[in-house]
Amino acid sequence: QLQLVESGGGLVQPGGSLRLSCAASGITLEYYTIGWFRQAPGKEREGVSSISSNDGWTEYKDSVRGRFSIYRDNSKNTVYLQMNSLKPEDTGVYYCAAGSAGWGLTESLYIYWGQGTQVTVSS
């Protein structure tokens with residue numbers, strides 16, 4: 001059955017790092033655009049980063065550019081989000097999502113969603 005599973009979240013101090021993983025079953029992520037989104041309580045879900053299905057083009061929310069990086073390991077059918085220099089405002093539930101067409105941080109591009117993993121950045 002099709003499933004996206006996020007992992008790697010947790011509690012980290014400001015300035016620390018986390019690597020989130022999005023592992024897939026039932027679909028091959030190599031052929032999908034993958035996006036990472038996050039949502040904090042009381043706030044709308046926002047796009048964080050995305051990577052295209054072919055050339056690996058990437059996009060980042062302005063506030064994370066230079067700190068976060070998205071990349072694939074197709075042998076593991078997994079997409080990662082490396083998060084460095086974390087800030088309290090990075091706190092939220094992070095979701096990975098897969099879309100069969102398009103590229104970017106618009107939610108309408110994405111069809112399949114994981115359950116999310118909590119990231120908390122706090123001292």
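Please read all numbers here as calculations on a predicted model, not as lab measurements.
The shortest distance between side-chain heavy atoms of Ile70 and Val48 does not fall below 4.5 Å. Between Tyr110 and Thr33, some side-chain heavy-atom pair lies under the 4.5 Å cut-off. Between Val119 and Arg38 the shortest side-chain heavy-atom distance does not fall below 4.5 Å. With contacts defined as side-chain heavy-atom distances shorter than 4.5 Å, the pair Tyr112/Cys96 does not qualify.
For OH of Tyr71, the number of neighbouring non-hydrogen atoms (other residues, nucleotides, ligands) closer than 6.0 Å is greater than 12. Residue Gln118 places its CD atom among more than 12 non-hydrogen atoms of other residues, nucleotides or ligands, all under 6.0 Å distant.
Rounding to the nearest 0.5 Å gives a distance of 6.5 Å between OG of Ser53 and CZ of Arg72. Taking CG from Leu109 and OG from Ser100, the interatomic distance works out to 9.5 Å, rounded to the nearest 0.5 Å. To the nearest 0.5 Å, atom CG of residue Leu81 and atom OH of residue Tyr94 are 7.5 Å apart. The OG atom of Ser7 lies 13.5 Å from the CD atom of Gln115; values are rounded to the nearest 0.5 Å. Put simply, CG on Leu18 and CD on Gln82 are 8.5 Å apart, with the number rounded to the nearest 0.5 Å. Atom NZ of Lys61 is separated from atom CZ of Phe68 by 10.5 Å, given to the nearest 0.5 angstrom.
In terms of the salt bridge (charged side-chain N to carboxylate O under 4.0 Å, His left out) criterion, residue partners of Glu107 (sequence neighbours excluded) are, by chain and number, Arg45.
A continuous path of Ile, Leu, Val, Met, Phe, Trp and Tyr side chains, each step under 4.5 Å between heavy atoms, connects Tyr31 with Val79, placing both in one hydrophobic cluster. No continuous path of ILVMFWY side-chain contacts below 4.5 Å connects Leu105 to Tyr60, so the two sit in separate hydrophobic clusters. Following chains of ILVMFWY side-chain contacts shorter than 4.5 Å, one cannot reach Val5 starting from Leu2, and the two form parts of different hydrophobic clusters. Side-chain heavy atoms closer than 4.5 Å link hydrophobic residues (I, L, V, M, F, W, Y) into clusters, and following such links, possibly through other members, connects Leu4 to Ile111.
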Q: Run the numbers on Ile51 and Trp36 for side chain to side chain contact (heavy atoms under 4.5 Å, CB included), then give the verdict.
A: CA-CA 9 Å; Ile51 184 168; Trp36 284 97; over 6 Å; no
Q: Any chance you could lay out the side chain to side chain contact (heavy atoms under 4.5 Å, CB included) test for Glu6 and Leu20, step after step, and finish with the verdict?
A: CA-CA 7 Å; Glu6 302 96 335; Leu20 304 184; over 6 Å; no
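Geometric assessment of Arg19 against the ring of Tyr80 yields a positive cation-pi assignment under the 6.0 Å and 45° thresholds.
For Thr117 against Gly8, the heavy-atom pair with the smallest separation is OG1-N, 4.3 Å. Of all the heavy atoms in Val12 and Leu86, the pair that sits closest is CG1-CD1, 3.5 Å. Between Ser25 and Asn77, the closest heavy-atom pair is N-ND2, 4.4 Å. Across all their heavy atoms, Ser75 and Asp73 have their closest contact at OG-OD1, 2.5 Å. Across Phe37 and Ala97, no two heavy atoms sit closer than the pair CE1-CB, 4.2 Å. The minimum heavy-atom distance between Leu29 and Cys22, with the atom names listed, is CD1-O, 3.7 Å.
Of the possible donor and acceptor atoms, none in the side chain of Thr120 sits under 3.5 Å from a partner among the backbone N and O of Thr91. For Ser49 (side chain) and Glu59 (main-chain N/O), a donor-acceptor pair under 3.5 Å exists by modelled atom type.
With respect to Lys87 and Asp90, no salt bridge is recorded, no charged nitrogen being found less than 4.0 Å from a carboxylate O.
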